[in-house]
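Shown next, in structure tokens, is the structure this report addresses.
In what follows, residues are counted from 1 in the order of the sequence shown.
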Amino acid sequence: MSNKLRKEVALGGHVLDHAGLSDYVWGHVSARDPKGRGVWMKAKGLGFDEVRPADVLLVSWEGDVLEGAGPRHGEYPIHTEAMLENPAINSVVHCHPAHAMAMVASGRTIQPFSHIASVFSRPLPVYDEAPGLVLTPEQGKALAQALGASHALLMRGHGVVTVGASVGAAVTTAVMLERACYLQLLAEGYGGVKKPFTEDQAIAAYAHTQGDDFVLEAWAYLVRATNRARTKTS
């Protein structure tokens, strides 16, 4: 099982990189350890595109490296505290997507006027308390409580957090969030969304996007596209 999770976490990073969500060596994907020992996440100092399964560490709830070689990321509490707060979360993504960061900095919010944006029909929480790093369990817990039952959170001045029942769900939610923010900013440049849906209208109109099936279908494509691209460059 550990090898499988290591491969999933590495693949999640590769997909994020292929989708344009890399930020040098910063950002991380995690998966819950099925034995309850902590989380699996990449070692510090590696970009999403560079991660191999062997680079994925088992980090305890207290931040100790239990398996694997290399230093852990300082922001491990983003992952551990989210999973401790909500047992339904099996994967966490933290990254710094350009359009999501620009949108939250501008004070704008996502309006569900497209299939992708409708994944975020319910207003996303915005967290203002972590423009710097999230390094302590207390900071991680505060962030997890701000996330609540949402599948994504915008961190003003920092980045985003997305969560899911699987690595595929959490990673694809991050990719879709960046796309939704890009479309929102594009619409703003043309004068804004003239006839925005209400939350209830969007959920009804885009009922097919309201669940993991929609997200995981996109994940399957993202994996294929990422693998094709990496095969061409190898």
Problem set entry | Stepwise side-chain contact (heavy atoms from CB on, under 4.5 Å) test for L11 and V15 | CA-CA 6 Å; L11 176 60; V15 169; 4.2 Å; yes
For this session: Output all residues satisfying ring-ring contact (aromatic ring centres under 6.0 Å, His included) with H14, sequence neighbours left out; order by chain, then residue number.
Result: none
Exercise. Does the pair V215 and W219 meet the rule for a side-chain contact (heavy atoms from CB on, under 4.5 Å), with working shown?
Worked result: CA-CA 6 Å; V215 172; W219 165 249; 5.6 Å; no
Problem set entry | ring pair (Phe, Tyr, Trp, His ring centres under 6.0 Å) pairs, two or more places apart, involving residues 32-72 | none
Drop me the distance from [X]'s [atom1] to [Y]'s [atom2], to the nearest 0.5 angstrom.
X: L57; Y: M41; atom1: CG; atom2: CE; result: 8.0 Å
X: L58; Y: K35; atom1: CG; atom2: NZ; result: 9.5 Å
X: S60; Y: L66; atom1: OG; atom2: CG; result: 5.0 Å
X: S118; Y: F214; atom1: OG; atom2: CZ; result: 6.0 Å
X: K141; Y: T80; atom1: NZ; atom2: OG1; result: 11.0 Å

Exercise. Tell me, which pairs form a side-chain hydrogen bond (donor to acceptor under 3.5 Å, both in side chains) where one or both residues lie in residues 183-193, sequence neighbours left out?
Worked result: R108-E188, Q111-Q184, Q184-E188
So, [X] side chain and [Y] main chain: donor-acceptor pair closer than 3.5 Å or not?
X: R6; Y: V56; value: yes
X: S30; Y: V39; value: no
X: E75; Y: V134; value: yes
X: H158; Y: G132; value: yes
X: S121; Y: A117; value: no
X: R72; Y: K44; value: no

Exercise. Stepwise, does the ring pair (Phe, Tyr, Trp, His ring centres under 6.0 Å) test hold for H73 with H94?
Worked result: CA-CA 11 Å; H73 278 279; H94 171 54; 9.3 Å; no
Do any side-chain atoms of residues 172-183 form donor-acceptor pairs under 3.5 angstrom with protein atoms, and if so which ones, sequence neighbours left out?
from: T172; atom 1: OG1; to: G168; atom 2: O; distance (Å): 2.7
from: T173; atom 1: OG1; to: A169; atom 2: O; distance (Å): 2.7
from: E178; atom 1: OE1; to: H99; atom 2: N; distance (Å): 3.3
from: E178; atom 1: OE1; to: A100; atom 2: N; distance (Å): 2.9
from: E178; atom 1: OE2; to: H99; atom 2: N; distance (Å): 2.9
from: E178; atom 1: OE2; to: H99; atom 2: ND1; distance (Å): 2.8

same_hphob_cluster([X], [Y]) at 4.5 Å side-chain heavy-atom cutoff:
X: V65; Y: L135; value: no
X: V161; Y: M103; value: no
X: V29; Y: W26; value: no
X: V9; Y: L46; value: yes
X: L133; Y: I78; value: no

Exercise. Cluster partners of Y206, using ILVMFWY side-chain heavy atoms under 4.5 angstrom, listed by chain and number?
Worked result: F197
Problem set entry | Presence of salt bridge, R156 and D128, under 4.0 angstrom |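 Judged by the 4.0 Å cut-off on N to carboxylate O distance, D128 and R156 do form a salt bridge.
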Heavy-atom pair with the smallest gap, counting every atom of [X] and [Y]:
X: A82; Y: V92; answer: CB-CG2, 4.0 Å
X: Q139; Y: Y127; answer: O-OH, 4.2 Å
X: H96; Y: D23; answer: ND1-OD2, 2.8 Å
X: R32; Y: N86; answer: NH2-O, 3.3 Å
X: L5; Y: P34; answer: CD1-CD, 3.3 Å
X: V167; Y: E8; answer: CG1-O, 3.5 Å

Exercise. Any side-chain heavy atom of V59 within less than 4.5 Å of one from D64?
Worked result: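 A side-chain contact under 4.5 Å is absent here.
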Exercise. Heavy atoms, side chains only, cut-off 4.5 Å: are T136 and P77 in contact?
Worked result: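 A side-chain contact is absent here, since even the closest heavy-atom pair is not under 4.5 Å.
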Exercise. Have S166 and S91 got a donor and an acceptor in their side chains that come within less than 3.5 Å?
Worked result: no
For this session: Verify the distance criterion only: is there a donor paired with an acceptor across the side chains of H18 and T226 at less than 3.5 Å?
Result: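 The criterion, which ignores hydrogens and geometry beyond distance, is not satisfied for T226 and H18.
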Problem set entry | Worked check of salt bridge (Lys or Arg N to Asp or Glu O under 4.0 Å) between K42 and E50 | CA-CA 10 Å; K42 75 176 178 70; E50 299 176 306; over 6 Å; no
Listed pairs under 3.5 Å, donor-acceptor, residues 144-155 side chains, sequence neighbours left out:
from: S150; atom 1: OG; to: A152; atom 2: N; distance (Å): 3.2
from: S150; atom 1: OG; to: A152; atom 2: O; distance (Å): 2.8
from: H151; atom 1: NE2; to: V119; atom 2: O; distance (Å): 3.2

For this session: Applying side-chain contact (heavy atoms from CB on, under 4.5 Å), run through E81 and E138 and close with a yes or a no.
Result: CA-CA 9 Å; E81 295 301 321; E138 293 75 20; over 6 Å; no
Exercise. How about R122: does its CZ atom have over 12 heavy atoms from other parts shown lying under 6.0 Å from it?
Worked result: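 For R122, atom CZ is not crowded (no more than 12 foreign heavy atoms under 6.0 Å).
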